[in-house]
Structures are given as C-alpha cells and as structure tokens.
Amino acid sequence: MGMVTLSDDMFTADVIADPYPYYGRLREEDPVHWNELYELWVITRHDDVVWMTRHHELFSNAVFRNDPRPAYPAIDESDLGLYEYVRNYQADQFIQHDRPEHLEMRKVVHSYFTPRAMEAWRPFVQKAVQELLDAAEFKGHMDVMRDVATPLPVLVIAQMMGVPAADRPHVRKLAEKLLNIGRGEHDRMKPLTEGMQGMIDYVSPLVDERLVNPSDDFISVLAAGEKKGVFTRHQVLVNTSLLLLAGHETTINLLCNGTLAFIRHPDQWALLKRDPKGCAELATEECLRYDAPVKSLQRLATQDVDMRGKVLRKDDRIRWFISSANRDPQAFAQPDRFDITRDPNPHVAFGSGVHHCLGATLARVEGQEVFKALAERFPSLHLETEVLEYQPSITFRSLKSLPVAWS
Amino acid sequence: MTRPLRVWVDRRRCVGNSMCEALAPAVFRLNANRQSEAVNPAGDTEAKVLEAAENCPVSAIFVEDAQTGARLFP
C-alpha cells in the first residue's frame, strides 16, 4: 500500500504558494486520502471528482447545517457566536441544500442565468472593463486585483440587483467585507458578519419594494420565489448576498490568476495578442483549468461509500480538489502546460452535476472580456513585483495583489 | 399543430446539471454517466423542449425541425 508521507497540513506556506505539487503527489499516491489533521477525505483525481459531483445524492451540500465541527483555519474563541451567525446565514443559501428542496430553489433562480440571458450582459461588461482600464491607463500602472478584478464583478452584480448608482459605494464596501468568507485570518468573523448583516439591512427594503413592483432584476426573481412559498424572507436576503459571496472572489481569482498565467507564459500571451477576440473563449477555459479560482469544495457523505478500496463513512467530511482534477494527466495531455488552444478542455472549475456553478456563463463573459481587453490595450503587460502572495485558504486560489505595468 | 423534432445532447458539453430532465422529464433522461439523453423528442410540447434547451447552462441541447432540418435552438 502506497503510504503518503506528506504532511496533512494543507495550510503550510509552500502548499498555499503552489498547491499543484502537493495535490499532484496525493493524486498519484493516494487519490482518496484521509487527512487526519482536518478530519476529512481529500479527493484529487478528475474521474473521481466528476463521479462525485454527478452523484449528489451520496454527497450532501448541506454542510453548514449539518457539520458541527469548528471553523478552519481556527478563529478567535471570542468569535464563536459570530461563527454561529455565519453558519445560519450560509445554511439558508440555496446551494447549501440537497434535493428535493435544492431543485425547487434552483428553478427559481436558474432561468435568470441562462447562457442567452448572460450573453445579453456582455455589452455592459465590455463598457465596465473599458472604463476601469481607462482609469488604469491614465495612471500608467495598476494592481489588477484592486483596479479591475475586484470592482468589475461588483459593478455587474449591483446592476443585476438593481442597486441605484448612489448606493454602489456602500454595496462595494459590503462586498469587500464579504470577501472574508474565503480568508484565513483568525479575526475574520467580525468583518464577515458585518458584511452579511449589512447586506440584509440594505436589501430588506428593496425586497419589500420588489414584492409590490416587480422588475426584471435578480431581487425581483427571489421575491417571486418568496411569493410562491419556495423561499423564506431570510432565504431571499441571504441568496441576494450569495451573488456576492459566490460571484465575487471567484471572478477576482479567474481574472487575476488568468492574467498572471499570461504574464508567465509569453508565448501564450503572444498568441492571444495576435487574435484577442478569436482566442478569448478557449483561453478563458484554459485559465479556469490551469489555475482554477476555487481549489476545493466540501461535502458530507450521506451514506457509506466505497471508493478505490476505502470506505467513506456516513457524515464524513469530503473535500474534492478541482485544482488537482484540472491537472490530472489521465484527463489532460501535458496538464501542467498552459495552452490557450486546448480543446476539448473538460475542466471542472465550475463543478458538474446539479450544483454546477449558476454563474458560470457570467464568469466566462467577464473573463473573456477582460483578457481580450488587456491584450488589445496593454500588449507589453508585465509584473511589477518579484513577490506574489496568496490568501491562506484551501477553498480559494486568491492572490493578495497583482501589480502590473506596461511601457 | 405539432411538428416532429430532432433533439440531441452534445455529450462533450453536458455536465449533468439535469435541469432539462426536471423541466421535460418525458424527453430528457440522465444515463448511467449522469449525462442527459434526448430519449423521446415527442414526449412533450415543442415549447417545453425549447424551454429545456434554453435552460441548459452549458448550451448542450440542440433542437431541429425533423422534416425541414431547420435549427430551432440555439
């Protein structure tokens, strides 16, 4: 039996800086690995991740409701009450449900995000990208994180929510507090709960208003779900925040990790520059595969499941690693190569199965438009730092900043 | 008036989200790989089939007029 001598500490500096060798070794040596330290199964092969995502009945997504174990990385003892608030908040997200409830909830929001509906947002995204890049160009340098990747998804989401222009700075501030969901600092619960409660306070009157005067915005869609009895009021409020909790950090990571991949692979950057419009679609898929925005997701086993000679027991915690599955040589030729012409590209950056990312098409549109615009406007883009740091998270692959310049 | 449809699912794209099966269960069914198949294009109204195609999150469903070959979706 191939015993893995790797440490079970998934938060060491080297694993956070570059997770690929660590999870790659697990994938080779022990693809269904029991991590003693965090008491969870670590799944790293592409075929296993696809199989598990498609067997939602075996792996519950009601994690916050049903997993009594404490937050990790650890939080301040004085913040345990705040963590309870976060758990109750997250538990009301529609994604934190299983069938049959999940299907009824997803049906309410699903049609809002169809590929055709999201394609209609492309002109808005294009305009927002150009305005953000105009401001950056004027300065002569930028932090891709702060100047483009962070504001862009909030501009889009605020518009989807029907937030009046005057309120956007407030929503942006709340959005930045909500980013603590994916952070590792021991004192992250305070700003996170401020963001969560702030969203509830801000959205509540909007819901009241949309119940009386429905519009074509996302809050009206959720309010209609309340009218039909699918959502409680708390669920409407929480699922409005979910747009930011699920759609902000993830998009930031796609935009930053993708931009960094281009900077580090000048041959692929040259390819994109030759035909930005023609390359943007496949290139975005490769960015999603090569350095996926979400590294791993958690589930709870609903019954005993045999996998590769191991038995996952009912209620065991499971984390499947998208970032390892996306580098599995069984699924991808030369998996560690960044190749923007890769096709087909069956990456699992958006998951698969019934919980496949609701915002996938929107993320794709944002990625395509940003990579295309960068190639067109800043062909000499280069890094302006020697040191890049990542957030200490096993969920998100998040840079702390991405300073760049051009000549 | 009903016209016969040709409906198929691109297996390279299908992620088994199963919204098509939820919307038109007589037309679409997940196979052993948990990917969708159009098992009976005549199982529901044209409107339902088109709604299912429209709601596929990865645009994997294609619909044609079986007689004329005219593309109805996408």
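Labels below follow one simple rule: chain letters A, B, ... track the order of the sequence lines, proteins then strands, and each chain is numbered from 1.
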*Asks:* Can you tell me which portion of A:Thr361 sits under 4.5 Å from chain B's heavy atoms? Options are side chain, backbone, both or neither.
*Replies:*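 The side chain, not the backbone.
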
*Asks:* Looking at A:Gly353, A:Ser352, A:Pro346, which has the largest count of heavy-atom pairs under 4.5 Å with chain B?
*Replies:* A:Gly353

*Asks:* Below 4.5 Å, heavy-atom pairs only: which of B:Gln35, B:Met19, B:Arg13, B:Glu51 has the largest tally toward chain A?
*Replies:*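 Looking at each of B:Gln35, B:Met19, B:Arg13, B:Glu51 in turn, B:Met19 comes out on top.
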
*Asks:* Can you tell me how far CG of A:Asn345 sits from CG of A:Leu288, rounded to the nearest 0.5 angstrom?
*Replies:* 8.5 Å

*Asks:* Checking side chain to side chain donor-acceptor pair (under 3.5 Å) for the pair A:Asp217/A:Ser220: CA distance, chi angles, key distance, verdict?
*Replies:* CA-CA 5 Å; A:Asp217 60 57; A:Ser220 299; 3.0 Å; yes

*Asks:* Looking at B:Glu21, I want to see if its CD is surrounded by more than 12 non-hydrogen atoms of other residues, nucleotides or ligands under 6.0 Å.
*Replies:*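 Enclosed: over 12 neighbouring heavy atoms sit under 6.0 Å from CD of B:Glu21.
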
*Asks:* With a 4.5 Å cut-off on heavy-atom pairs, point out which of A:Lys107, A:Met118, A:Arg106, A:His355 contacts chain B the most.
*Replies:* A:Arg106

*Asks:* For A:Arg99, look at atom CZ and say whether over 12 heavy atoms of other residues, nucleotides or ligands are found less than 6.0 Å away.
*Replies:*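 Counting other residues, nucleotides and ligands, CZ of A:Arg99 exceeds 12 neighbours.
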
*Asks:* Contact part of A:Asp343 toward chain B, heavy-atom cut-off under 4.5 Å: side chain, backbone, both or neither?
*Replies:*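 Side chain of A:Asp343 only, per the 4.5 Å heavy-atom cut-off to chain B.
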
*Asks:* So which of A:Arg364, A:His356, A:His110 has the largest heavy-atom pair count under 4.5 angstrom toward chain B?
*Replies:* A:His110

*Asks:* Apply salt bridge (Lys or Arg N to Asp or Glu O under 4.0 Å) to the pair A:Arg342 and A:Glu285, showing each step before the final yes or no.
*Replies:* CA-CA 8 Å; A:Arg342 196 181 286 276; A:Glu285 298 307 305; over 6 Å; no

